[in-house]
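First comes the structure, then the notes that go with it.
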Amino acid sequence: NCTSNKGFFGMEGPVAIPCPFGTYQSTQGASNCLLCAAGKFSSAFAVSSISGCQMCAANSNSPAGSSFVSNCTCDPGYFKKSNAECHLCLEGSWCKDDTKTL
């Protein structure tokens, strides 16, 4: 009787299916993969531990199950410059939608 390894789920015949981007599975023989939590993302297949879900940069967040760092958007009152970091809007200034790149 075959079971799937960590980072995989289910069995299609003799082959287990790798967990897709944005998910992980740390248990052998699982029937599904678990979503990376909000504020994290995973751009890899077959992630076998919750630690494979990477944190968004400071002052940003993402929906559960996010696949790419681009899914991380700045918190209200912060904006993105050309890099992935979110910077505080200066007092008296307005940040476009509070989460968008200026």
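Computed from a predicted structure; not experimentally measured.
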Over all atoms of both residues, closest heavy-atom pair of [X] and [Y]:
X	Y	result
Gln28	Asn5	NE2-OD1, 3.4 Å
Ser48	Lys6	CB-CB, 3.7 Å
Gly52	Val47	CA-CG1, 3.6 Å
Thr3	Gly29	CB-CA, 3.9 Å
Phe41	Phe68	CD1-C, 3.7 Å
Gly77	Leu88	O-CD1, 3.5 Å

[atom1]-[atom2] distance between [X] and [Y], expressed to the nearest 0.5 angstrom:
X	Y	atom1	atom2	value
Glu85	Asn59	CD	CG	10.0 Å
Leu35	Ser67	CG	OG	9.5 Å
Met55	Cys36	CE	SG	11.5 Å
Ser4	Ile17	OG	CD1	9.0 Å

Does any non-hydrogen side-chain atom of [Y] lie less than 4.5 Å from one of [X]?
X	Y	result
Pro20	Cys33	yes
Ser60	Tyr78	no
Gln25	Asn32	yes

- prompt: Should the ring pair His87 and Phe79 be called parallel, tilted or perpendicular, given that the plane angle runs from 0 to 90° and is split at 30 and 60?
  reply: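 Taking Phe79 first and then His87, their aromatic rings sit tilted (interplane angle of 30° to 60°).
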query: Counting N and O atoms only, with roles assigned by atom type, does the side chain of Ser62 sit under 3.5 Å from a partner on the main chain of Lys40, one being a donor and the other an acceptor?
result: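 Flag set: sc Ser62 to bb Lys40 pair under 3.5 Å.
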task: Look at the side-chain heavy atoms of Ile, Leu, Val, Met, Phe, Trp and Tyr, link any pair under 4.5 Å apart, and say whether Phe8 and Val15 land in one connected group.
output: no
